[in-house]
Amino acid sequence: MTTNRKVILFISMSLDGYIAKRDDNIDFLSVVDQAGEDYGYFEFIKSTDTVIIGRKTYDNVVAMGFEYPHHDKDVYIITRHDRPVLTESTFRFYSGDLKELIIKLKEAEGKHIYCDGGAEIVNELLREDLIDEFVISIIPVLLGDGIPLFKNGRPESHLKLINSTHYEKGLVQVHYERIRQCGN
């Protein structure tokens with residue numbers, strides 16, 4: 001059985017393509033902070049019931065003093081090492097084959113699957129051709145160095161623009177869907 005579940009990357013990056021500084025600092029995102037503006041996140045998150053996030057990204061959120069949200073969703077924290085079961089019933093560490101997990105999730109009934117990063121997870125999903133849509137918020141800053149969203153060594157992907165929106169603080173959000181080539 002195949003459902004219409006999609007893996008959707010919803011992420012922010014600097015104009016020069018970095019999702020964080022080398023030290024994992026993401027304070028550059030604050031240049032677009034605006035009271036009452038969530039850049040479509042609230043509407044997007046309602047369309048999902050599953051989250052895929054890398055362990056380093058998860059740990060960085062928690063280390064900043066935030067409780068990781070999405071307790072109403074199944075959250076898979078992707079790690080290379082087995083970790084203890086989390087007390088949150090919907091959160092689980094996953095150290096198995098990422099492609100197998102995504103295929104299993106996409107075959108199940110449910111809403112869309114939110115890829116919350118980080119770069120290693122994004123690029124593994126790209127290598128396996130598993131991201132269906134990209135919602136990328138471009139922050140008006142050039143960092144010059146950092147952790148790039150897209151790394152070398154992935155296959156070429158063709159995309160179709162669904163929408164682009166610009167906001168008062170200079171953020172530009174682009175929404176693309178992957179174009180399936182024959183046989184994919």
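Each residue takes its place number in the sequence, starting with 1.
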Exercise. Give a yes or no on whether a salt bridge exists between E120 and R80, defined as a side-chain N under 4.0 angstrom from a carboxylate O.
Key: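 Salt bridge between E120 and R80, a charged N being under 4.0 Å from a carboxylate O: yes.
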
Please name the pair of heavy atoms, one in [X] and one in [Y], separated by the smallest distance, quoted to 0.1 Å.
{"X": "C115", "Y": "L9", "answer": "O-CD1, 3.5 Å"}
{"X": "G117", "Y": "V122", "answer": "CA-CG2, 4.2 Å"}
{"X": "S30", "Y": "D27", "answer": "OG-O, 2.8 Å"}
{"X": "V174", "Y": "S164", "answer": "CG1-CB, 4.2 Å"}
{"X": "G110", "Y": "R5", "answer": "O-CG, 3.3 Å"}

Answer yes or no: is there a donor N or O on one side and an acceptor on the other, between the side chain of [X] and the main chain of [Y], under 3.5 Å?
{"X": "D132", "Y": "V7", "answer": "yes"}
{"X": "H112", "Y": "K6", "answer": "yes"}
{"X": "R154", "Y": "R127", "answer": "no"}
{"X": "D49", "Y": "K73", "answer": "no"}
{"X": "Y176", "Y": "I179", "answer": "no"}
{"X": "T50", "Y": "I113", "answer": "no"}
{"X": "K111", "Y": "K46", "answer": "yes"}
{"X": "Y39", "Y": "V32", "answer": "yes"}
{"X": "N25", "Y": "K21", "answer": "no"}
{"X": "T79", "Y": "H81", "answer": "yes"}

If I take atom [atom1] from residue [X] and atom [atom2] from residue [Y], how far apart are they, to the nearest 0.5 angstrom?
{"X": "I19", "Y": "L143", "atom1": "CD1", "atom2": "CG", "result": "11.0 Å"}
{"X": "E133", "Y": "H175", "atom1": "CD", "atom2": "NE2", "result": "3.5 Å"}
{"X": "L130", "Y": "I103", "atom1": "CG", "atom2": "CD1", "result": "6.5 Å"}
{"X": "L142", "Y": "F28", "atom1": "CG", "atom2": "CZ", "result": "11.0 Å"}
{"X": "L101", "Y": "I52", "atom1": "CG", "atom2": "CD1", "result": "4.5 Å"}
{"X": "I139", "Y": "L171", "atom1": "CD1", "atom2": "CG", "result": "4.5 Å"}

Would a 4.5 Å heavy-atom cut-off, applied to side chains only, mark [X] and [Y] as touching?
{"X": "F134", "Y": "I162", "result": "no"}
{"X": "I8", "Y": "T48", "result": "no"}
{"X": "V172", "Y": "T165", "result": "no"}
{"X": "F150", "Y": "L126", "result": "yes"}
{"X": "I121", "Y": "I53", "result": "no"}
{"X": "K106", "Y": "K104", "result": "no"}
{"X": "I77", "Y": "Y94", "result": "no"}

Exercise. Answer yes if the side chains of Q173 and S137 hold a donor-acceptor pair under 3.5 Å, and no otherwise.
Key: yes

Practice problem: Could you tell me whether R92 sits above the aromatic face of Y76, with NZ or CZ closer than 6.0 angstrom to the six-membered ring centre and within 45 degrees of the axis? | Solution: yes

Quiz item: Once the angle between the rings of Y58 and F91 is folded into 0 to 90°, is it parallel (under 30°), tilted (30 to 60°) or perpendicular (over 60°)?
Solution: perpendicular

Exercise. Report the relative orientation of the aromatic rings in H70 and Y41; use parallel for angles under 30°, tilted for 30 to 60°, perpendicular for over 60°.
Key: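 Aromatic pair H70/Y41 classed tilted.
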
Quiz item: Are F42 and F44 connected in a single hydrophobic cluster, I mean Ile/Leu/Val/Met/Phe/Trp/Tyr linked by side-chain heavy atoms less than 4.5 Å apart?
Solution: no

Practice problem: Output, in order, the C-alpha distance, side-chain angles, deciding distance and verdict of side-chain hydrogen bond (donor to acceptor under 3.5 Å, both in side chains) for Y68 and D116. | Solution: CA-CA 11 Å; Y68 190 76; D116 191 13; 2.6 Å; yes

Quiz prompt | Test side chain to side chain contact (heavy atoms under 4.5 Å, CB included) applied to Y167 and E37, step by step | solution = CA-CA 9 Å; Y167 294 88; E37 181 60 75; 3.8 Å; yes

